[in-house]
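One structure below.
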Amino acid sequence: MNFTPPKGTDDIFPPTSRAWRRTLIIWENLAERYGYDLVMGPIFESTDVFARGVGESTEVVQKQMYTFEDKGGRSLTLRPEGTASVVRAFLGSGVQGEMKLAYSGPMFRYERPQAGRRRQFYQTGVEYLATAAPDADAEVIEIGYRFLEELGFPAVEVALNSIGDAACRPAYVEALRIYLNEKRELLCDESLATLETNPLRVLDCKVCAPHLIDSPKAVDYLCGECASHFASIRERLDGVGVPYRLEPRLVRGLDYYTRTAFEYIATGFDAAQNAVGGGGRYDGLAETLGGPAVPGVGLAMGIDRILLAAGQTGADIAPLDLFVVVASPELRERAAGFLSDLRRAGVRADMTPDQRSVKAQFRAANRRKATGAAIIGDEWNSSRVVVRNLTTSIQELISVEEVAEWAKNNR
RNA sequence: GUGGCCGUAGCUCAGCUUGGUUAGAGCACCUGGUUGUGGUCCAGGAUGUCGCGGGUUCGAAUCCCGUCGGUCACCCCA
């Protein structure tokens, strides 16, 4: 084999793909129950959508975009995140009033791969658009938490912060700049550089963090409106029973965030990339994209990281309830009809594509991780079938009509 | 973009330090033991450009240089 997947991309193959399928089904179901309609858009956009939406100064735009020119000379970019495109689509739709949208799909960033960081990675997310109400923030934070909960995710922390808005953030940034300047000799070279361009992000630096524990907190500089918005979110989260931890140093790397910022941290996961989801409010994004002032709040969950952190291989998820074993060639046609009946009755069933020895068919059943087998043999003439529980090896003779029910109970 | 580690059978790896007969193991796969019973057990079977290129040497999986790929971390984020 000469071809391997491009650097930083993965073939998601059985049995691992079983956990993916299960995870995405849980996601779709959850989003629907919370009232989020599906939105699907292009996987590439005009480069400007991201350059302006995400922010020219961000790492993502400066170094990580897959940008190319098409045959018409247009500059296009594989989407590095979902929010900017969804907001672009919303603005283009002409919809008035609030809207709740859910999306799901691959994103692309050109980076050096490592555990939990790929060049193509998969995000599911929601955007609650055209509302500035704090309940929307709380609901979005809740849905991410419930998602992890329904997946049986082992240990997760919700980190929450408010970074203010255009009215109050400048005063905070100024206070932070003064503080950081006083600590200049403690900062690493890179932080000294980012101090000039974006002081907020110095707080992200792992090297400098120990020296910055007494840094000014954004929450102490919030204006009245931002402060009450933040308080309402916390109240609502308490009300619905979503635990969170206030994290004054939480700053996100995309420029469009205002007020609310949050992340889901997988605790006890020993890889460096343990943020399995994140999001925030972006009240200025729509205007940045040339539209009217449309507030919004959203989140993105990193499916690759969630499955990595959960340690799921999918090996324990049985893909088949019943394997149909055909004892002799004459019965094959009857068996095929029987198989079709079972499948239409909701049983996950299969058989080998051609006639083989019974032994080989059982081996196939075992390889396919079927939990049960049904033997189509002489008993068929009296409308009976031998069913075998492949876990316990107990088998019994039951009537044809009972097989579908038996198979479902045998899962 | 910077740095550490690793490339040997389909998979996981041993062998490399101290170069030398046919390069090994486990798992997986195939056949049989069981002419209607898998998974377990027993017997047998197939499997390799030792990542690639060059160098040193009588001789290289083993030493040296280069290169490509993977992986982890920094950075940033999902």
Side-chain angles (χ1 to χ4, degrees), chain A residues 1-10 13 54 57-64 79-83 104-125 144 188-191 193-194 198 201 204-208 250-254 257 261-266 270-280 298-309 323 325-328 331 352 356-380 385-395 397:
Chain A
M1 249 301 263
N2 293 316
F3 292 112
T4 53
K7 192 182 188 73
T9 67
D10 300 294
F13 211 72
V54 175
S57 72
T58 60
E59 181 103 351
V60 169
V61 171
Q62 285 188 350
K63 307 202 297 202
Q64 302 179 345
R79 63 183 185 194
E81 60 101 49
T83 302
S104 186
M107 307 293 165
F108 307 85
R109 290 183 200 169
Y110 189 88
E111 310 177 81
R112 287 283 288 270
Q114 66 182 77
R117 193 178 70 186
R118 317 299 298 159
R119 288 184 172 178
Q120 176 172 333
F121 57 102
Y122 202 99
Q123 287 188 338
T124 61
C188 69
D189 291 347
E190 286 184 53
S191 286
T194 50
N198 192 341
R201 233 178 286 142
D204 265 342
C205 179
K206 284 177 188 169
V207 182
C208 303
L250 175 62
V251 176
R252 315 213 69 241
L254 310 181
Y257 286 114
F262 58 90
E263 270 179 10
Y264 305 88
I265 309 295
D270 63 352
Q273 309 302 332
N274 63 354
V276 296
L299 71 72
M301 304 302 291
I303 304 300
D304 309 72
R305 281 188 189 175
I306 287 171
L307 293 179
L308 189 65
F323 206 86
V325 173
V326 188
S328 61
L331 290 165
T352 58
R356 299 175 195 172
S357 69
V358 169
K359 181 194 187 87
Q361 292 183 69
F362 267 93
R363 239 199 310 269
N366 194 57
R367 197 169 31 237
R368 293 285 298 281
K369 303 267 193 286
T371 51
I375 303 169
I376 308 306
D378 297 335
E379 308 85 350
W380 184 265
V385 168
V386 171
V387 289
R388 180 182 178 89
N389 179 320
L390 291 176
T391 311
T392 63
S393 297
I394 293 169
Q395 61 184 52
L397 186 64

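Here is how names work: the chains are called A, B, and so on, in the same order as the sequence lines, proteins then strands, and each is numbered from 1.
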For A:R109, salt bridge (Lys or Arg N to Asp or Glu O under 4.0 Å) partners two or more places apart: none
Any stem touching RNA chain B, meaning at least three consecutive Watson-Crick or G-U pairs under 3.5 Å, ordered by first number, would be B:1-7 with B:68-74, B:10-13 with B:24-27, B:29-33 with B:41-45, B:51-55 with B:63-67
Sequence neighbours excluded, which residues qualify as salt bridge (Lys or Arg N to Asp or Glu O under 4.0 Å) partners of A:R119? none
Run the salt bridge (Lys or Arg N to Asp or Glu O under 4.0 Å) test against A:K63 and tell me which residues pass, sequence neighbours left out. A:E59
Under the side-chain hydrogen bond (donor to acceptor under 3.5 Å, both in side chains) rule, collect the residues that match up with A:N366, sequence neighbours excluded. none
Of all residues at least two apart in sequence or in a different chain, which pass the ring-ring contact (aromatic ring centres under 6.0 Å, His included) check with A:F121? none
Applying side-chain hydrogen bond (donor to acceptor under 3.5 Å, both in side chains) to A:T352 and not counting sequence neighbours gives none
Looking at residues at least two apart in the chain, or sitting in another chain, which of them share a side-chain hydrogen bond (donor to acceptor under 3.5 Å, both in side chains) with A:Q123? none
Atom pairs under 3.5 Å: protein N/O with N/O of nucleotides 73-76 of chain B:
{"from": "B:A73", "atom 1": "OP1", "to": "A:A272", "atom 2": "N", "distance (Å)": "3.0"}
{"from": "B:A73", "atom 1": "OP2", "to": "A:Q114", "atom 2": "NE2", "distance (Å)": "3.1"}
{"from": "B:A73", "atom 1": "OP2", "to": "A:A115", "atom 2": "N", "distance (Å)": "3.4"}
{"from": "B:C74", "atom 1": "OP1", "to": "A:K206", "atom 2": "NZ", "distance (Å)": "3.3"}
{"from": "B:C74", "atom 1": "N4", "to": "A:R117", "atom 2": "NH2", "distance (Å)": "3.0"}
{"from": "B:C75", "atom 1": "N3", "to": "A:R117", "atom 2": "NH1", "distance (Å)": "2.5"}
{"from": "B:C75", "atom 1": "N4", "to": "A:Q114", "atom 2": "OE1", "distance (Å)": "3.1"}
{"from": "B:C75", "atom 1": "N4", "to": "A:R117", "atom 2": "NH1", "distance (Å)": "2.6"}
{"from": "B:C75", "atom 1": "N4", "to": "A:Q273", "atom 2": "NE2", "distance (Å)": "3.2"}
{"from": "B:C76", "atom 1": "O2", "to": "A:E111", "atom 2": "OE1", "distance (Å)": "3.4"}
{"from": "B:C76", "atom 1": "N4", "to": "A:Q273", "atom 2": "OE1", "distance (Å)": "3.1"}
{"from": "B:C76", "atom 1": "N4", "to": "A:Q273", "atom 2": "NE2", "distance (Å)": "3.1"}

Within the structure, does a side-chain N or O atom of A:R356 lie under 4.0 Å from either OP1 or OP2 of B:U37? no
Can you name the residues that form a ring-ring contact (aromatic ring centres under 6.0 Å, His included) with A:Y264, not counting sequence neighbours? A:F262
Can you give me the N/O atom pairs linking the protein to nucleotides 29-33 of chain B at distances under 3.5 Å, or say none if there are none?
{"from": "B:C30", "atom 1": "OP1", "to": "A:R367", "atom 2": "NH1", "distance (Å)": "3.3"}
{"from": "B:U31", "atom 1": "OP2", "to": "A:R363", "atom 2": "NH2", "distance (Å)": "3.3"}

With sequence neighbours excluded, residues passing salt bridge (Lys or Arg N to Asp or Glu O under 4.0 Å) with A:D378: none
